[in-house]
Amino acid sequence: MGALDEELSERKIKILDAIIRNYLETGEPVGSRTISKYTDLNLSSATIRNEMSDLEELGYIVQPHTSAGRIPSDKGYRLYVDHLMAEKDREVTEMKEFVIEKTEKMERVLKQVAKVLANNTNYATLVTASSTNRIKFIQLSQVVDDQILAVVVMNNNIVKNQIIHVTDTIDNETLLKLNILLNTSLNGQAIQDINLATITKLKEQAGNHSVIVGEVIDALAEILSEDEDLEIYTSGATNILKYPELSDSEQATNLLSAFEEKEELASLVSESLSNEETGIQVYIGNEAPVQTMKDCSVVTATYELGEGVKGTIGIIGPKRMDYEKVMDNLRHLKNQLDGIFDKSDESS
């Protein structure tokens, strides 16, 4: 790629990029007048014509016999794809460092929240965070004639692969066009963001290859619904033993076990997050979604840290808990946690 770059100025690369993007969008040969409207270079049509002549001499674009416009050559596509991949690699590296820093900060904050809450209330507490999987980059590539490999990089930089079976062989230009179409439309999207209108528009744009787009979206739905990261931080589980009505040996053992194994806590969190009420929820006795907590009261609040990370704060104690104090604590912490990532970005 380096050798190719040496013969091209930044201006030529921008013009080539505009030609390729325009051609991929319209399927029509691209003229200098179109490029003058398409770029922010503020160049005259004459200057663009000269640059396009140079690009043609260098073999990056060709002129079909029947048209005054130009279309990309294989060499032009190759430069475009190499630049695109290098740009994505750079973005992934930068994001990886950013995500690690944010994750470490989040863990420290949430562990501290659980601890402070347990100390303030004398009950058992939990704080969770789960991030919504979003699409960062999609790459389709032909494996064999009847198979395409879909590689999906997600916002947490986890990479997933899925094989898609196709009835016809797809040429490289079509595959490149599908890659650009999918990335332009779906980058940054969570699976719940990809609605029927988006799918219909994508299929229309894909034309004869709408079936492949449908299968890619099915694959994305499967990939994005897997492994949503759920972290549960707990504190003060032994506070439960301070209350005689909960300190019966079998009952206490079951409650402490729920805090250690965390599976039942995960179902409590799922119930809390799926509830359309985003404020404070109180489960008393049998209302609790977790069997081991039927003799307790559970109070939860949902919050959003920002950047797709949301979670639950929960307090578990006896039915005679100090509800007013618990709710005050939860409201205060919810207000502090809501948008913490967005706020830290504004102040940095």
Side-chain angles (χ1 to χ4, degrees), residues 1-30 34-35 38-41 51-52 54-64 69-96 135-145 147-155 157 159-164 166 168-189 202 205-209 212-213 215-217 219-220:
M1 181 178 142
L4 292 176
D5 279 350
E6 285 167 16
E7 61 190 4
L8 290 181
S9 64
E10 187 182 343
R11 188 160 78 181
K12 282 189 175 65
I13 289 171
K14 282 191 175 179
I15 290 171
L16 178 61
D17 180 77
I19 292 168
I20 293 176
R21 285 179 183 274
N22 197 273
Y23 180 62
L24 289 169
E25 198 176 297
T26 65
E28 299 290 331
V30 184
T34 304
I35 296 303
Y38 204 83
T39 67
D40 56 358
L41 291 172
E51 294 285 22
M52 286 174 74
D54 290 348
L55 285 168
E56 189 173 3
E57 278 180 39
L58 292 165
Y60 291 106
I61 54 176
V62 293
Q63 182 175 16
R70 309 289 197 285
I71 64 171
S73 66
D74 288 354
K75 185 179 176 183
Y77 278 130
R78 169 49 53 201
L79 183 70
Y80 177 76
V81 170
D82 285 348
H83 269 287
L84 194 65
M85 295 303 284
E87 196 178 296
K88 292 296 169 189
D89 285 344
R90 213 165 36 247
E91 280 178 21
V92 166
T93 304
E94 286 167 6
M95 274 304 294
K96 199 175 284 182
I135 300 161
K136 190 172 183 60
F137 187 55
I138 303 166
Q139 180 67 45
L140 303 183
S141 51
Q142 192 97 34
V143 183
V144 291
D145 285 353
Q147 287 182 1
I148 287 175
L149 175 67
V151 178
V152 184
V153 182
M154 290 180 287
N155 56 316
N157 294 321
V159 178
K160 298 277 187 175
N161 300 317
Q162 188 99 348
I163 293 287
I164 295 169
V166 291
D168 300 314
T169 306
I170 298 174
D171 62 67
N172 287 337
E173 187 180 334
T174 303
L175 208 54
L176 180 63
K177 195 167 182 177
L178 285 172
N179 273 322
I180 291 165
L181 174 64
L182 288 164
N183 279 292
T184 304
S185 304
L186 300 179
N187 281 9
Q189 302 284 302
L202 271 172
Q205 289 174 306
N208 296 336
H209 303 288
I212 294 172
V213 167
E215 290 183 2
V216 170
I217 288 168
L220 286 172

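Values below: all heavy atoms of this structure, side chains included; hydrogens, waters and symmetry mates excluded.
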What pair of heavy atoms forms the shortest contact from [X] to [Y], and how long is it?
X: D171; Y: T174; answer: OD1-N, 2.8 Å
X: K75; Y: G59; answer: CB-O, 3.6 Å
X: L178; Y: A206; answer: CD2-CB, 4.1 Å
X: I19; Y: R70; answer: CG2-O, 4.3 Å
X: P29; Y: I71; answer: CA-CG2, 3.8 Å

Between [X] and [Y], is any pair of side-chain heavy atoms under 4.5 Å apart?
X: Y60; Y: L8; value: yes
X: R21; Y: Y80; value: yes
X: I61; Y: M52; value: yes
X: L186; Y: L202; value: yes

> Quick check: does any side chain N or O of N183 sit under 3.5 Å from a backbone N or O of N179, one acting as donor and the other as acceptor?
Replying inline: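 Yes, the answer is positive, given that a donor and an acceptor are paired below the 3.5 Å cut-off.
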> So, the side chain of K177 versus the backbone of G27: is there a donor-acceptor pair under 3.5 Å, distance only?
Replying inline: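 A pair under 3.5 Å: no.
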>> Between the side chains of R78 and D74, is the shortest nitrogen-to-carboxylate-oxygen separation below 4.0 Å, so that they form an ion pair?
In response: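 No, no charged N to carboxylate O under 4.0 Å.
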>> Go through it in stages, so that I can follow the logic: the residues are L175 and I148, the test is side-chain contact (heavy atoms from CB on, under 4.5 Å), and I'd like the CA-CA distance, side-chain angles, deciding distance and then a yes or no.
In response: CA-CA 9 Å; L175 208 54; I148 287 175; 4.1 Å; yes
> Please walk me through it: do I163 and L149 pass side-chain contact (heavy atoms from CB on, under 4.5 Å)?
Replying inline: CA-CA 5 Å; I163 293 287; L149 175 67; 3.9 Å; yes
Roughly how far apart are [X] [atom1] and [Y] [atom2], rounded to 0.5 Å?
X: E28; Y: T34; atom1: CD; atom2: OG1; answer: 10.0 Å
X: L16; Y: S73; atom1: CG; atom2: OG; answer: 8.0 Å
X: I35; Y: I15; atom1: CD1; atom2: CD1; answer: 7.5 Å

> CG of N161: more than 12 outside heavy atoms within 6.0 angstrom?
Replying inline: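 Result for CG/N161: enclosed.
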>> What verdict does the side-chain contact (heavy atoms from CB on, under 4.5 Å) test give for Y77 and L24, after you've listed the backbone C-alpha separation in whole Å, the side-chain angles of each residue and the deciding distance to 0.1 Å?
In response: CA-CA 10 Å; Y77 278 130; L24 289 169; 4.2 Å; yes
> What do the steps show when you test L176 against I180 for side-chain contact (heavy atoms from CB on, under 4.5 Å), and what is the final call?
Replying inline: CA-CA 6 Å; L176 180 63; I180 291 165; 4.1 Å; yes
